[in-house]
J.: 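Take a look at the following structure, please.
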Number of protein chains: 2
Amino acid sequence: MHASGSCDQCSLKLLCLPVGLPENDLWQLDEIVQRRRPITKGQVLFRMGAPFASVFAVRTGSLKTVLLSDDGTEQVTGFALAGELLGLDAINEGEHPVSAVALESTSVCEIPFDKLDALAGQLPSFRQHFMRTMSREIASDESLLALLGQRNAEQRLAAFLLSLSTRFRARGLVADRFSLSMSRADIANHLGLTQETISRLFTQFRKQGLIEIHTRDLRLLDMDSLHRIAGIRFVPLSQTA
Amino acid sequence: MHASGSCDQCSLKLLCLPVGLPENDLWQLDEIVQRRRPITKGQVLFRMGAPFASVFAVRTGSLKTVLLSDDGTEQVTGFALAGELLGLDAINEGEHPVSAVALESTSVCEIPFDKLDALAGQLPSFRQHFMRTMSREIASDESLLALLGQRNAEQRLAAFLLSLSTRFRARGLVADRFSLSMSRADIANHLGLTQETISRLFTQFRKQGLIEIHTRDLRLLDMDSLHRIAGIRFVPLSQTA
DNA sequence: CGCAAGTTCTGATCTGGATCATCCCATGGA
DNA sequence: TCCATGGGATGATCCAGATCAGAACTTGCG
């Protein structure tokens, strides 16, 4: 417990669960948060079907969440960046409906759900923040649904890149230059496309002068055009109201 | 207020918010629920962008939720049947990210969110039920994402029909015979297809002896085959753990 | 009842992105 | 340093479902 750092010292306290807490109640969250040793690329944080007991907050690194169907097809339902919560979809059934896989070296905080719930009972502002977080996840999924239901490949990728950009900015990082921790195949799967299509689109965007990309190092050169292509505002998961 | 019936008498109390409450606390929910006069087909319960103040529970009838993008394209993000909640996606932003439109004559209960939150503070079982409801919504959206991302037209429609079937059964109705309150266009949009494709698939399913359909009166004749076609278990929104 | 407007069905054609097939490149381990 | 391996790029072809165009129902209203 408290292996490294406290919520109070955490650089993510303005994005993560501490947002819901007044400064002088923060210790109560710290009390129940368990810091885990980092997991490496490809390792599974929790597996689909595993019993649910805790939600996780990403401290550093990133993960993908993957839903595996009966017939073996996979859907990457999302990517989790630092400050984001994982496992909110498991509260109802009591088991995880998706697996979470690290995309790079990643460390997480574990928050036992029964403790979290108890805290939600005591502290209205924490409860409200947690509900807002769940609500944001629903709204974000709806927006992704619209992306998959109505947009072509070009629009989907543009929207995805802009969404990542916004999420990085919310983390205090530059919005126009970042590294993709996920493969082309992961992006493709997430957007309901194939890796070939993603590859071709990156090439196309590069030729159009919209981006610069070397393997996974990405630079957005013309965000206005990307916005115009995307057509819709792809509400990013991490956007704070 | 209490214009008609109370939660205690409501036939949906085993599906809806009362699930979270012990019998002797039910009056507290009743106290805050407002029953509204019915709205007719095509009327809007709340409009995208409108300020959020209440969640709604469907008492009778059904609605679709529609996300309208900047460029005018629409995505039907879901359908709400009796006993289901609407507006959970609006808690975070404080305004509705989708519009809710009645598909037939529909009546709803309105639950002011501040009162709901206060009740969640007082009554752990209610709070937990509400969180499970939000969690189910997230898991259900993820499952729909997998449907749009990985499945062909035939599989999507089969999964959709089975999902409706399961939801009707949960309401104590027969699972193999029901009426579609939404148009072919609504179904198509929801599944990321066109109405022509839906129409053709209904014809195909009929010829294959899987269904019987007269306009909107549907009968599922071979649910096993439909399941085989769907390939995945399309977790229905209303499935109670 | 009878007409108009909306909804559903069906056919013909087209096309965006999947699929299949290589090839190339970056990375890391022996 | 070299090779092995997984990721990424690119070309050729194909096809599921979109689009376009009407015809046939169904519904509701004057």
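Nothing here was measured: the structure is a model prediction, and the numbers come from that model. Protein chains get the first letters and strands the later ones, always in sequence-line order, with residue 1 at the start of each.
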J.: Got A:I187 and A:H190 here, is their nearest side-chain heavy-atom distance under 4.5 Å?
T.: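 They are not in contact (no side-chain heavy atoms under 4.5 Å apart), so the answer is no.
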J.: To the nearest 0.5 Å, what is the distance between CZ (B:R184) and CD (B:E196)?
T.: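 Rounded to the nearest 0.5 Å, the CZ-CD separation comes to 12.5 Å.
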J.: I need the full list of ring-ring contact (aromatic ring centres under 6.0 Å, His included) pairs touching residues 46-69 of chain A, with sequence neighbours left out, sorted by first then second residue.
T.: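 For residues 46-69 of chain A: A:F46-A:F56, A:F46-A:H96, A:F52-A:H96, A:F52-A:F113.
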J.: Going by atom types alone, do B:S62 and B:E104 pair a side-chain donor with an acceptor below 3.5 Å?
T.: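 Checked: B:S62/B:E104 side chains pair up, N/O donor to acceptor below 3.5 Å.
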J.: Between atom CG of B:L201 and atom CD1 of B:I229, what is the distance when rounded to the nearest 0.5 Å?
T.: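 It comes to 9.5 Å.
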J.: Write down the distance between CD (A:Q204) and P (C:dG16), rounded to a whole number of angstrom.
T.: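 So the two atoms are 12 Å apart, to the nearest Å.
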J.: Taking atom C1' of C:dG17 as reference, at what distance in whole Å does atom CZ of A:R156 sit?
T.: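 Interatomic distance, CZ of A:R156 to C1' of C:dG17: 10 Å.
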J.: Restricting to pairs with a member in residues 199-221 of chain A, which pass ring-ring contact (aromatic ring centres under 6.0 Å, His included), not counting sequence neighbours?
T.: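 Output for this query is empty, none listed.
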J.: Considering only heavy atoms of chain A and a distance under 4.0 Å, specify the first and last nucleotide of DNA chain D in 5' to 3' order that meet this criterion.
T.: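 Endpoints of the contacted stretch of DNA chain D: D:dG7 to D:dA12.
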J.: Flag the pair A:I91 / A:M134 as yes when at least one side-chain heavy-atom distance between them is below 4.5 Å, and no otherwise.
T.: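 They are in contact (side-chain heavy atoms under 4.5 Å apart), so the answer is yes.
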J.: Side chains of residues 215-223 of chain A: which donor-acceptor partners sit under 3.5 Å, not counting sequence neighbours?
T.:
unit_1, atom_1, unit_2, atom_2, d
A:R216, NH1, A:S181, O, 3.2
A:D222, OD1, A:D224, N, 3.4
A:D222, OD1, A:S225, N, 3.0
A:D222, OD1, A:S225, OG, 3.2
A:D222, OD2, A:S225, OG, 2.6

J.: Go through the side-chain N and O atoms of B:T73 and A:Q150 and say whether any donor and acceptor fall under 3.5 Å apart.
T.: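 A:Q150 and B:T73 do not have a side-chain donor-acceptor pair below 3.5 Å.
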J.: Whether A:T194 contacts C:dA18 is assessed here as follows: a side-chain N or O lying under 4.0 Å from the phosphate OP1 or OP2. Is that the case?
T.: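 For C:dA18, OP1/OP2 do have a side-chain N/O of A:T194 under 4.0 Å.
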J.: Strictly under 3.5 Å: I want the nitrogen or oxygen pairs between protein and nucleotides 5-9 of chain C, one per line.
T.:
unit_1, atom_1, unit_2, atom_2, d
C:dT8, OP1, B:R216, NE, 3.0
C:dT8, OP1, B:R216, NH2, 3.2
C:dT8, OP2, B:R184, N, 3.0
C:dC9, OP1, B:R184, NH2, 3.3
C:dC9, OP2, B:R184, NE, 2.8
C:dC9, OP2, B:S199, OG, 2.9
C:dC9, O5', B:S199, OG, 3.2

J.: How is A:G192 classified with respect to the nucleic acid when contacts are heavy atoms under 4.0 Å: base, sugar-phosphate, or nothing?
T.: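 The residue A:G192 makes sugar-phosphate contact but no base contact.
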J.: For the pair B:R171 and B:E84, evaluate salt bridge (charged side-chain N to carboxylate O under 4.0 Å, His left out) and give the outcome as yes or no after the intermediate values.
T.: CA-CA 11 Å; B:R171 277 150 191 78; B:E84 291 170 355; 3.0 Å; yes
J.: Stems in DNA chain C: runs of 3 or more consecutive Watson-Crick or G-U pairs, distances under 3.5 Å?
T.: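 Correct response: C:1-30 with D:1-30.
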